[in-house]
Amino acid sequence: VNPPGSGAYLGTINIGNAWMRLTYGDTSSFWSVRIGLMSAIEGYGASDASIGPSSPLLKGAGQTVIGSKIASTLYTPGTGEAGVEVGWNMDRLSIHLGIFNGGYVYNGGFQAAIGGNAKKPANSPSYNSKDLMLFANYMLDEHGGSIAAYAFNGSIDFTNPLMPSPVQGMFPDNFMRFGLYATSPTFSGFKLLAGVSMGTDKEWVTTTDSSSYLGKVSPDSTSSSFGWFVEPDFRLDKSWSCGARYDYFDPIQGKWQNDPAAGGSAQNFTITAKSVFMNYCMNNGLTFQAEVKDQTTGQGLDKTATIKTKDDYSLTLSTFFVW
């Protein structure tokens, strides 16, 4: 069960993964096929190996301009989608290509289009479009460690502010996401994780106000996002591990929006976060996690041209069981 935005939201039940896999070959080389509702990223290392309960911020959605407002694209690789994936695995290398049904905006979050009542609105621009992802993962040596990379192309529809009709007035944001992850081999219990991501989103601009950023771009322009993180982890013994992470994510790089309340132009949000966490594994499938995080979000400039920020402090406790 996952929070809205991570898979298929069916009433009060949220499903993040529900898939089947078929493999053919031997341990040296084999093919695999997955079908169902799944996360497109399934690697070994920094792409999915954080020992804390939260994911790096670089998995946060980018942003785009719709009309005269900035909107989240809602989707990022790692979100559950319905589809099929074919993978080839040889020795330490695996390459996977996935074709997914995409999703749509539901209650302000991403809803995977899995059929039945959970499907894209008929006649919407992206109704028949599919999302594509290429993912590669290479394990370094017997001590662990890996290098992983992905390229993702998708589309999600937003309401066009010039045409408020629920379907005919939709604008398709065709976006790209690229990412690179690296994990060091584990030596004496220590390993280092790092990652970088970037992306582009289609913008749809309706304002002609030349005094703001939004009036200086064409309807066919694109916005860009960028993020990175670094995380050192240390295993104390067979049960206890600890770690820390620094995150940086800019969902819409270098964009300026006219904000009268701020007394002029205001730069959009850049997010940084500092986290420390502990992990206790009982070695029977049950794991406990705890994390303390300090997250700072930039909120433009005030009337004195001073950067405004919002600080959020959080404590997260979680547990999961794998069988």
Exercise for the section: Return the set of residues passing salt bridge (Lys or Arg N to Asp or Glu O under 4.0 Å) with K274 (not counting sequence neighbours), or none when no residue passes. Expected result: D294

Handout entry: side-chain contact (heavy atoms from CB on, under 4.5 Å) involving F288 - partner list, sequence neighbours excluded
Key = Y280, M282, L286, T319

Handout entry: R235: salt bridge (Lys or Arg N to Asp or Glu O under 4.0 Å) partners, not counting sequence neighbours
Key = none

Practice task
Flag the pair I95 / L134 as yes when at least one side-chain heavy-atom distance between them is below 4.5 Å, and no otherwise.
Solution key: yes

Problem - Counterpart residues, side-chain contact (heavy atoms from CB on, under 4.5 Å), relative to N101 (two or more places apart) - result: A113, K130

Exercise for the section: May I ask whether Y138 and W31 are part of the same hydrophobic cluster, defined by side-chain heavy atoms of I, L, V, M, F, W, Y residues being less than 4.5 angstrom apart, directly or through others? Expected result: yes

Handout entry: Least distance between heavy atoms, S223 atom then E203 atom
Key = CB-OE2, 3.2 Å

Fill in the blank from the handout: Between the CZ atom in F178 and the OG1 atom in T200, the distance rounded to the nearest 0.5 Å is 6.5 Å

Handout entry: Close side-chain approach of S318 and E291, heavy atoms under 4.5 Å
Key = no

Practice task
Give me the ring orientation class for Y248 and W228: parallel if the planes are under 30° apart, tilted from 30 to 60°, perpendicular past 60°.
Solution key: parallel

Problem - Side chain K120, main chain S129, donor-acceptor under 3.5 Å - result: yes

Handout entry: Atom pair CG (L132) and OG (S155), whose distance is rounded to the nearest 0.5 Å
Key = 11.5 Å

Problem - Residue pairs passing the salt bridge (Lys or Arg N to Asp or Glu O under 4.0 Å) test where at least one lies in residues 170-184, sequence neighbours excluded - result: R177-D201

Exercise for the section: Check the hydrophobic clustering (I, L, V, M, F, W, Y; side-chain heavy atoms under 4.5 Å; chains of links allowed) and say if F234 and M278 are grouped together. Expected result: yes

Exercise for the section: Check whether any side-chain heavy atom of V196 sits under 4.5 Å from a side-chain heavy atom of F226, and report yes or no. Expected result: yes

Fill in the blank from the handout: Residues R34 and S39: closest non-hydrogen pair is NH2-O, 3.1 Å

Practice task
Report, as yes or no, whether the 6.0 Å neighbourhood of atom CZ on F187 holds more than 12 heavy atoms from other residues, nucleotides or ligands.
Solution key: yes

Handout entry: Aromatic plane relationship, Y181 with Y150 - under 30° parallel, 30 to 60° tilted, over 60° perpendicular
Key = tilted

Problem - Interatomic spacing from CG in D250 to OG in S225 - rounded to 0.5 Å - result: 8.0 Å

Handout entry: From S124 atom OG to F171 atom CZ, the distance as rounded to the nearest 0.5 Å
Key = 13.5 Å

Exercise for the section: Answer yes or no: is there a side-chain heavy-atom contact under 4.5 Å between H96 and S94? Expected result: yes

Exercise for the section: Work out which heavy atom in W88 is nearest to a heavy atom in S29; give both atom names and the distance. Expected result: NE1-OG, 3.6 Å

Problem - Same apolar cluster: I147 and L93, side chain cutoff 4.5 Å - result: yes

Exercise for the section: Without swapping roles, check the side chain of N137 against the backbone of A149 for a donor-acceptor pair under 3.5 Å. Expected result: no

Exercise for the section: Measure from the side-chain N and O atoms of S184 to the backbone N and O of L192, and report whether any donor-acceptor pair falls under 3.5 Å. Expected result: yes

Completion exercise
Taken to the nearest 0.5 Å, the spacing of Y104 OH from I156 CD1 works out to 10.5 Å

Problem - Any side-chain heavy-atom pair of E81 and F110 under 4.5 Å - result: yes

Exercise for the section: Applying side chain to side chain contact (heavy atoms under 4.5 Å, CB included), run through T272 and Y246 and close with a yes or a no. Expected result: CA-CA 7 Å; T272 60; Y246 180 84; 3.6 Å; yes

Exercise for the section: Report whether F175 and Y127 are members of the same hydrophobic cluster (ILVMFWY, side-chain heavy atoms less than 4.5 Å apart, transitive linking). Expected result: no

Handout entry: D233 side chain near S241 side chain, heavy-atom distance below 4.5 Å
Key = no

Fill in the blank from the handout: Residue set satisfying salt bridge (Lys or Arg N to Asp or Glu O under 4.0 Å) with D247, at least two apart, ordered chain then number -> R245

Practice task
State plainly whether one hydrophobic cluster holds both V276 and F190, where clusters connect Ile, Leu, Val, Met, Phe, Trp and Tyr through side-chain heavy atoms under 4.5 angstrom apart.
Solution key: no

Problem - Inter-residue atom distance K310.NZ - Q295.CD, 0.5 Å rounding - result: 9.5 Å

Exercise for the section: Could you tell me which non-hydrogen atom of G243 sits nearest to which non-hydrogen atom of I51, and how far apart they are? Expected result: N-CD1, 4.0 Å

Practice task
Evaluate whether atom CG of D311 has more than 12 neighbouring non-hydrogen atoms of other residues, nucleotides or ligands under 6.0 angstrom away.
Solution key: yes

Completion exercise
Of all heavy-atom pairs linking E231 and A244, the shortest is CG-O, 3.1 Å

Practice task
Evaluate the side-chain proximity of D131 to M133: yes if any heavy-atom separation is below 4.5 Å, no if none is.
Solution key: no

Exercise for the section: Could you tell me which non-hydrogen atom of L317 sits nearest to which non-hydrogen atom of A290, and how far apart they are? Expected result: CD2-CB, 3.5 Å

Practice task
Please examine the side chains of F229 and F249, heavy atoms only from C-beta on, and report whether any two atoms are closer than 4.5 Å.
Solution key: no

